[in-house]
Colleague: 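Got a structure for you, questions after.
What you see below is based on every heavy atom in this structure, not just the backbone, and it leaves out hydrogens, waters and symmetry mates. Proteins come first, then strands; the chains are lettered A, B, ... in the order of their sequence lines, and each starts at number 1. Keep in mind the model is a prediction, meaning the values are calculated, not measured.
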2 protein chains.
Amino acid sequence: MTKEEQLIMNFRDLFNKIAWLNKPKMEDRLKGYKPSEVHCIEFIEKNRETNVTKLAESFYMTRGAMSKLTKKLIKKGLIENYQKPNNKKEIYFRLTDQGKVIYNIHEELHKQFIERDKAVFEQVTEEQFDSMLRFVEKYNKHLDAEIKKQGLTTN
Amino acid sequence: MTKEEQLIMNFRDLFNKIAWLNKPKMEDRLKGYKPSEVHCIEFIEKNRETNVTKLAESFYMTRGAMSKLTKKLIKKGLIENYQKPNNKKEIYFRLTDQGKVIYNIHEELHKQFIERDKAVFEQVTEEQFDSMLRFVEKYNKHLDAEIKKQGLTTN
DNA sequence: ATCATTTTGTTTCCCGGTCAACAATTAATC
DNA sequence: GATTAATTGTTGACCGGGAAACAAAATGAT
């Protein structure tokens with residue numbers, strides 16, 4: 001196996017483990033709220049004028065999936081939708097007060113997870129950090145170009 | 001956002017894009033075979049004495065899911081199962097000739113994807129590579145320890 | 001202004017994975 | 001050796017997301 005493959009595989013494994021490890025605590029503190037729901041709430045709070053299409057593109061999911069998810073969140077009273085006066089097509093979302101409670105709990109948990117892994121990150125020099133960031137950003141740009149070349153669209 | 005978060009987020013995005021970008025070519029050359037099926041075939045070929053439980057642990061999925069998946073692969077004639085003479089409980093899998101054909105096509109595609117991203121990796125020095133590998137391995141070990149601490153098990 | 005094209009969001013059907021309950025076998029404990 | 005506990009694999013109910021067909025609105029072309 002080449003180093004490229006090793007690196008990719010190790011990172012993939014890393015993310016599987018992180019998700020696996022975070023799940024129980026998430027479910028404990030955020031009972032009744034699925035990861036996808038919380039993730040959606042997080043995005044809506046952090047981005048202005050979010051609609052179904054933007055959510056789909058960001059999460060690499062279909063508009064259909066996000067349509068259902070946002071409908072559920074509305075039903076649960078976590079988000080609400082609004083439109084602009086001059087546009088009858090696009091529908092945007094914002095958090096309700098209840099949604100913000102969930103958002104804050106999630107942020108807090110997130111900090112705990114960072115804290116849990118602090119030991120690892122402390123051993124990384126600033127130099128290494130920047131090097132990795134440069135790499136991953138370069139790689140992302142490369143893929144963006146490839147995606148554009150292929151002309152892929154969100155379903 | 002801290003550098004830690006930035007790094008993690010960028011990598012997550014990276015993997016989404018890779019999956020998104022590889023999908024169409026995979027579906028083209030491996031028509032009729034789903035990513036999960038191919039992934040499963042790959043693992044069985046690369047690991048000795050694979051059973052449902054080992055697959056579940058490696059893929060961070062449930063035994064139920066892998067049980068269904070392997071049953072489907074058997075039905076399609078891509079894998080076959082066998083047991084050891086002194087153990088009536090554990091059931092292992094190996095590829096059939098037809099399964100090996102799929103395996104080889106996948107390997108070939110994999111090389112093409114590596115080739116596509118070669119430009120990025122070429123700009124990485126050996127030093128950087130090793131540095132990143134060390135980091136991700138350290139992080140993985142840290143998480144393994146955390147998982148062990150939590151006493152998590154595959155469902 | 002009219003008509004075609006594109007964008008946005010929704011809905012139905014289907015598939016894949018989880019969960020939980022289960023039987024069968026093996027390992028551990030006494 | 002008998003009994004209890006743990007492991008392994010399977011099944012059915014359930015749910016989340018994808019694919020595709022669709023309506024409504026906005027944009028473009030003429």
Colleague: Output the rounded distance in Å from CD (B:E27) to C1' (D:dG18).
Modeller: 11 Å
Colleague: With a cut-off of less than 4.0 Å, is there a side-chain N or O of B:N87 near OP1 or OP2 of C:dT25?
Modeller: no
Colleague: Which pair of non-hydrogen atoms, one from B:H142 and one from A:R116, has the smallest distance, and what is that distance?
Modeller: NE2-O, 3.0 Å
Colleague: In this structure, how many angstroms lie between the P atom of D:dT8 and the CG atom of B:L55, rounded?
Modeller: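 Roughly 13 Å, once rounded to whole Å.
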Colleague: Would you kindly compare A:N86 and A:S36 by the position of their nearest DNA chain D nucleotide and give the one closer to the 5′ end?
Modeller: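 The answer here is A:S36.
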Colleague: Do A:K118 and A:E115 sit within salt-bridge range, that is, some charged N less than 4.0 Å from a carboxylate O?
Modeller: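 Counted as a salt bridge, because a side-chain N and a carboxylate O are separated by less than 4.0 Å.
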Colleague: Five pairs per end, C1' atoms only: what is the angle between the end axes of the helix from C:dA1-D:dT30 to C:dC30-D:dG1, to 10 degrees?
Modeller: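 So the angle between the two local helix axes works out to 40°.
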Colleague: For residues A:Y33 and A:Q98, report the shortest heavy-atom separation together with the two atoms involved.
Modeller: OH-NE2, 3.9 Å
Colleague: Should A:D13 and A:K17 count as an ion pair when the cut-off is N to O under 4.0 Å?
Modeller: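 Answer for the salt bridge query: yes.
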Colleague: Between the protein and nucleotides 8-12 of chain C, are there any N/O to N/O pairs under 3.5 Å, and if so, what are the atom names and distances?
Modeller:
unit_1, atom_1, unit_2, atom_2, d
C:dG9, OP1, A:I91, N, 3.1
C:dG9, OP1, A:I91, O, 3.3
C:dG9, OP2, A:T53, N, 2.9
C:dG9, OP2, A:T53, OG1, 2.6
C:dG9, N7, A:R63, NE, 2.9
C:dG9, N7, A:R63, NH2, 2.9
C:dG9, O6, A:R63, NH2, 3.1
C:dT10, OP2, A:S67, OG, 2.8
C:dT10, O5', A:S67, OG, 3.4
C:dT12, O4, A:K68, NZ, 3.3

Colleague: Tell me the interatomic distance from B:M61, atom CE, to C:dC19, atom P, rounded to whole angstroms.
Modeller: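 Those two atoms, CE and P, are 13 Å apart.
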Colleague: Can you check the A:M26 CE to C:dT18 P distance for me, whole Å?
Modeller: 18 Å
Colleague: Hey, is the main chain of B:K34 close enough, under 3.5 Å, to the side chain of B:E37 for a donor-acceptor pair?
Modeller: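 Here the side-chain-to-backbone pair exists.
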Colleague: So which atom in B:K84 and which in B:E49 form the shortest heavy-atom distance, rounded to 0.1 Å?
Modeller: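 Scanning both residues, the minimum pair turns out to be NZ-OE1, 3.3 Å.
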Colleague: Given C:dT26, is OP1 or OP2 found less than 4.0 Å from the side-chain N or O atoms of B:K88?
Modeller: no
Colleague: Do A:T96 and A:E80 pair up side chain to side chain, a donor and an acceptor below 3.5 Å, judged on atom types alone?
Modeller: no
Colleague: With no hydrogens and no angle check, just 3.5 Å: does a side-chain donor-acceptor pair link A:E42 and A:H110?
Modeller: no
Colleague: Got a sec, which residues hit salt bridge (charged side-chain N to carboxylate O under 4.0 Å, His left out) with B:E4, two or more places apart in sequence or on another chain?
Modeller: none
Colleague: Could you state the atom-to-atom distance from OH of B:Y33 to C1' of C:dC15 in whole Å?
Modeller: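 Going from B:Y33 (OH) to C:dC15 (C1'), I get 18 Å.
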